[in-house]
Amino acid sequence: MCSKGVKNRSGFKFNGLNEYTISDESFAFSPEKTFECGQCFRFNRTASGSYEGVLDGRLVSVSGKNGYAKVTVIEGPCDLDFSGYLDSFFDVSTDYSKLSSELSAKDDVMKEAVTASFGIRLLRQDFFETVISFIVSANNNIPRIKKCIESICLNYGKNIGGKAFAFPVAETLSKVSGEELAKVCRVGYRGPYIANTARLFAEGKADFEKIKALSLSDKYKTVLSFPGVGPKVLNCIMLFSGLDRSAFPVDVWVERMMNELYGLKDTDRNKLEKYGKEYFGDNAGLAQQYLFYYIRQIHGK
DNA sequence: AACCAGGATCAAC
DNA sequence: GTTGATCATGGT
């Protein structure tokens, strides 16, 4: 693979100013599909077709296509370390072309889903932000989830220049009452869940590095113990924070998908989750995301 | 005006 | 272990 250390490091390269780029024909990437497939909530399309969002305390603009990506820092520091953050965030080391062809071979439904969804990358997102975001997502719709999260950032996050705000740190959120969160950020009954889970983080009882070191089943048990986290939100957190790429979240859309596309009559989401994990194995997470994007596209979302 | 959205929680069985 | 009511909010 790597020939005696003379090869440049693969992944994002820093241009010394404010741009980070990756150019590699095996880098499967669609900004639109990646940012609009429901795995993240803070990236929005701009007039030029690029996507703007906040990452690691910086406001960035992302553009690209298969084989190429460019990240421009609009607000915040530009340092060499950020290229490593981007490698992790965009899961650069995973070969999505390879995984996609493996999934396509499973069945015709999956084959169509891959065709519709190719270019999605499973992001490796900040753990605390992912936990809080998916607590907000429960029994909620994507446009409103995004509004709630932006409000949380605007009211309790650090300003990083212009009108951009970072996702708040746990110490800050833990001092806000659930009632205030409900009133100010319109999160409804999820307010106390957010406050209490943020408290766990602030008290050091939800340390990502420690959780990462646990066995897979203990990771699941620990995250499931957070207030406001049930089976579905649990799987989203595992998948989108990079803790387990074989997670298989089943929401109303995935249930609909498995009923309509796979002909399964079951409506028990725990059973559907088990089925998905067994059927797709190690790649269940990516399969789920392809199918989620695909079924929503069929229904005009 | 009911119904829906990337569901979780608690009580009751 | 499984089922049902209840939980805010805003859009359709």
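So that the names make sense, note that chain A is the first sequence line, chain B the second, and so on, each numbered from 1.
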Indicate every side-chain donor-acceptor pair of residues 61-72 of chain A with a distance under 3.5 Å to a residue at least two apart or in another chain.
| residue | atom | partner | partner atom | Å |
| --- | --- | --- | --- | --- |
| A:S61 | OG | A:S50 | OG | 3.2 |
| A:N66 | OD1 | A:F29 | N | 2.7 |

Tracing side-chain contacts under 4.5 Å among Ile, Leu, Val, Met, Phe, Trp and Tyr outward from A:F165 reaches A:L154

Members sharing A:I74's hydrophobic cluster, built from side-chain contacts under 4.5 Å between Ile, Leu, Val, Met, Phe, Trp and Tyr, are A:V54, A:L59, A:I160

Under 4.0 Å protein heavy-atom contact, by nucleotide of nucleotides 4-9 of chain B - B base, S sugar-phosphate only: -BBBSS

Kindly write out the residues that satisfy salt bridge (charged side-chain N to carboxylate O under 4.0 Å, His left out) with A:K271, not counting sequence neighbours, or none if the list is empty. none

Which donor-acceptor pairs under 3.5 Å do the side chains of residues 290-301 of chain A make with protein atoms, sequence neighbours left out?
| residue | atom | partner | partner atom | Å |
| --- | --- | --- | --- | --- |
| A:Y290 | OH | A:S100 | OG | 2.7 |
| A:H299 | ND1 | A:I295 | O | 3.1 |

Please output the side-chain donor-acceptor pairs of residues 216-231 of chain A that fall under 3.5 Å, not counting sequence neighbours, one pair per line with the distance.
| residue | atom | partner | partner atom | Å |
| --- | --- | --- | --- | --- |
| A:D218 | OD2 | A:S215 | OG | 3.4 |
| A:Y220 | OH | A:D244 | OD2 | 2.6 |
| A:Y220 | OH | A:K277 | NZ | 3.3 |
| A:T222 | OG1 | A:D218 | O | 2.7 |
| A:S225 | OG | A:T222 | O | 2.5 |

Decide if atom NZ of A:K111 counts as having more than 12 heavy atoms of other residues, nucleotides or ligands within a radius under 6.0 Å. no

Specify the separation, in whole Å, of atom CG of A:N270 and atom P of C:dG1. 12 Å

Which atom pairs link the protein and nucleotides 2-5 of chain C when you take only N or O atoms and keep those under 3.5 Å?
none

Sequence neighbours excluded - side chain to side chain donor-acceptor pair (under 3.5 Å) pairs with any residue from residues 31-43 of chain A: A:E36-A:Y51, A:R42-A:E150

Say you pick atom P in C:dT6 and the same atom in B:dA2; how far apart are they, in whole Å? 16 Å

